[in-house]
Amino acid sequence: MAQSFDTVGWFARDTTILKQVGCVLLQQPDLNATEPSQLIIADDCFKLCSVPRDLLVQPLVQSVDKSFGGKTLINKVDLGEYIEENVPSLKHFMTSETQPEFCIPSLMALSSSMRMLQRYEFKMNHSEWIFSVKPEFGPGISERIEEAIRVSEEMTDLSRSVKTELLTALSTLLGENGVLVIPTVPGPPPHLQADVVALESFRSRAFSLLSIAGVSGLCQVSIPLGLHEDLPISVSLVAKHGSDGFLLSLVDSLSKFI
């Protein structure tokens, strides 16, 4: 659909299978777990999530301590502030409009940049088919496709600059074998009959979280952490571009204690 963001992802019933599939797909040998140089908790991102922070972060920190003897450095970061300061092209996507409740302006701008480039690539890949076949799309999908068809090339170069700058900034933040900790999603999915405001709030927060790895091209693994109020919860670990084997081995090691 949009080649800058299309990627391979997979689900598995346990971390051993998750790692084995990764080794096959990535054509990498089975690696032993390496201790992360630091665990960086994006504290501001957890404010986007309706699940209590400690339910997501504490099991992870405890499992890292048990796996590596409590030697791993635990740091915190205001990720939105860090990105705003280190991704200069993002200013073109920042808005002065009133922001919705529970938002991180720089991550909303990152999400806007991502969707801008995604729409443009969708347009370049599929507009000829859309104009010739004139297919009928359902509500919501139809409006988003119309938005994509209207996107101009003007802002896409800035979106590509954001991608490059974000990759550099997050690689610097993580260093060698650092791991960023973020919520996977903002919380339980909205109710079927949720009003438009609630749906847009959830969507905005979800895209803010998804854009971190999505735009930078870093690798991400989501770890299930059981149930909260009878609904499944999880936390995500993000590592440097190309560190898929390291991340999969780490998650497999941590699973023994989560």
Side-chain angles (χ1 to χ4, degrees), residues 1-34 36 40 42 45 56 60 79 83 107 110-127 129 141 144-145 148 156 159-160 162-171 173-174 176-186 189 203 205-225 232-255 258:
M1 184 178 81
Q3 56 270 25
S4 292
F5 304 103
D6 293 344
T7 189
V8 174
W10 62 98
F11 296 90
R13 68 188 177 196
D14 58 54
T15 57
T16 300
I17 293 176
L18 188 77
K19 184 171 74 166
Q20 288 174 343
V21 171
C23 290
V24 172
L25 291 176
L26 300 167
Q27 298 184 350
Q28 291 184 348
D30 189 355
L31 302 174
N32 292 324
T34 301
I40 306 173
C45 292
L56 302 177
L60 178 65
L79 190 63
I83 288 175
L107 293 189
L110 192 62
S111 171
S112 296
S113 172
M114 178 178 74
R115 284 185 281 183
M116 178 74 68
L117 184 54
Q118 189 178 51
R119 288 166 182 164
Y120 179 76
E121 290 181 348
F122 176 88
K123 171 185 174 180
M124 299 306 293
N125 292 334
H126 301 294
S127 60
W129 173 76
I141 301 296
R144 285 197 285 274
I145 287 176
T156 56
S159 293
R160 293 188 179 98
V162 168
K163 279 178 62 65
T164 302
E165 293 166 4
L166 182 66
L167 174 58
T168 300
L170 292 182
S171 297
L173 175 68
L174 290 169
E176 191 65 29
N177 291 341
V179 175
L180 180 67
V181 184
I182 61 173
T184 303
V185 291
R203 191 163 181 263
R205 287 179 288 138
F207 271 101
S208 291
L209 297 171
L210 292 169
S211 64
I212 297 167
V215 174
S216 65
L218 303 189
C219 48
Q220 175 173 338
V221 171
S222 296
I223 306 175
L225 294 175
I233 58 175
S234 68
V235 69
S236 280
L237 305 185
V238 180
K240 285 177 66 173
H241 179 76
S243 298
D244 307 74
F246 157 73
L247 189 58
L248 289 168
S249 296
L250 173 63
V251 169
D252 189 35
S253 175
L254 298 181
S255 69
I258 292 181

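What you are looking at is a predicted structure, and each value in this text was computed from that prediction instead of being measured.
If you check the side chains of Thr164 and Arg160, you find no donor sitting under 3.5 Å from an acceptor.
With Val162 as the partner, the side chain to side chain contact (heavy atoms under 4.5 Å, CB included) test is satisfied by one option alone out of Ser211, Ser216, Ser113: Ser113. Partner of Leu247 under the side chain to side chain contact (heavy atoms under 4.5 Å, CB included) criterion, chosen from Asn177, Thr34, Leu237: Leu237.
Here the CD1 atom belonging to Ile17 is positioned 10.5 Å from the CG atom belonging to Asp252, to the nearest 0.5 angstrom. Rounding to the nearest 0.5 angstrom, the gap separating the CG atom in Leu209 from the CG atom in Leu110 is 11.0 Å. Between the CG atom of Leu248 and the OG1 atom of Thr16 there is a distance of 11.0 Å, given to the nearest 0.5 Å. In this structure, the separation between CG on Asn125 and NZ on Lys123 is 12.0 Å, given to the nearest 0.5 Å. The distance from the CD atom of Gln3 to the CZ atom of Phe5 is 9.5 Å, given to the nearest 0.5 Å. The CE atom of Met114 sits 6.0 Å away from atom CG of Leu210, with the distance rounded to the nearest 0.5 Å.
Proximity of a side-chain donor or acceptor of Ser253 to a complementary backbone N or O of Ser249 within less than 3.5 Å is not detected. Remark: side-chain polar atoms of Ser111 are not paired, donor with acceptor, to backbone N or O of Leu107 under 3.5 angstrom. In this structure, the side chain of Glu121 engages the main chain of Ser4 through a donor-acceptor pair within 3.5 Å. No donor-acceptor pair under 3.5 Å is formed between the side chain of Thr156 and the backbone N or O of Leu117.
Residues Leu18 and Trp10 approach most closely at O-NE1, 3.0 Å, considering heavy atoms. Nearest approach of Leu250 to Val179, heavy atoms of both residues: CD2-CG2, 3.8 Å. Pairing each heavy atom of Cys45 with each of Pro183, the nearest pair is O-CG, 3.5 Å. Residues Ser236 and Thr184 approach most closely at OG-OG1, 2.7 Å, considering heavy atoms.
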### Query
Can you list the steps and then say if Ile141 with Arg144 is a side-chain contact (heavy atoms from CB on, under 4.5 Å)?
CA-CA 5 Å; Ile141 301 296; Arg144 285 197 285 274; 3.5 Å; yes
### Task
Go through Leu180 and Ile212 one step at a time and tell me if the side-chain contact (heavy atoms from CB on, under 4.5 Å) criterion holds.
CA-CA 10 Å; Leu180 180 67; Ile212 297 167; 4.3 Å; yes
### Query
side-chain hydrogen bond (donor to acceptor under 3.5 Å, both in side chains) between Ser234 and Ser222: does it pass, once the steps are laid out?
CA-CA 6 Å; Ser234 68; Ser222 296; 5.0 Å; no
### Query
Yes or no on side-chain contact (heavy atoms from CB on, under 4.5 Å) for Leu170 and Leu79, after CA distance, side-chain angles and deciding distance?
CA-CA 9 Å; Leu170 292 182; Leu79 190 63; 4.0 Å; yes
### Task
Let me see the working for Tyr120 and Met116 under side-chain contact (heavy atoms from CB on, under 4.5 Å), right down to the final yes or no.
CA-CA 6 Å; Tyr120 179 76; Met116 178 74 68; 5.9 Å; no
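Partners of Arg119 according to the salt bridge (charged side-chain N to carboxylate O under 4.0 Å, His left out) rule, which considers only residues two or more places apart in sequence or in another chain, are Glu147. Remark: His241 engages no residue in a ring pair (Phe, Tyr, Trp, His ring centres under 6.0 Å) (not counting sequence neighbours).
In this structure, Lys240 is not positioned above the aromatic face of Phe246 in the sense of NZ or CZ being under 6.0 Å from the six-membered ring centre and within 45° of the axis.
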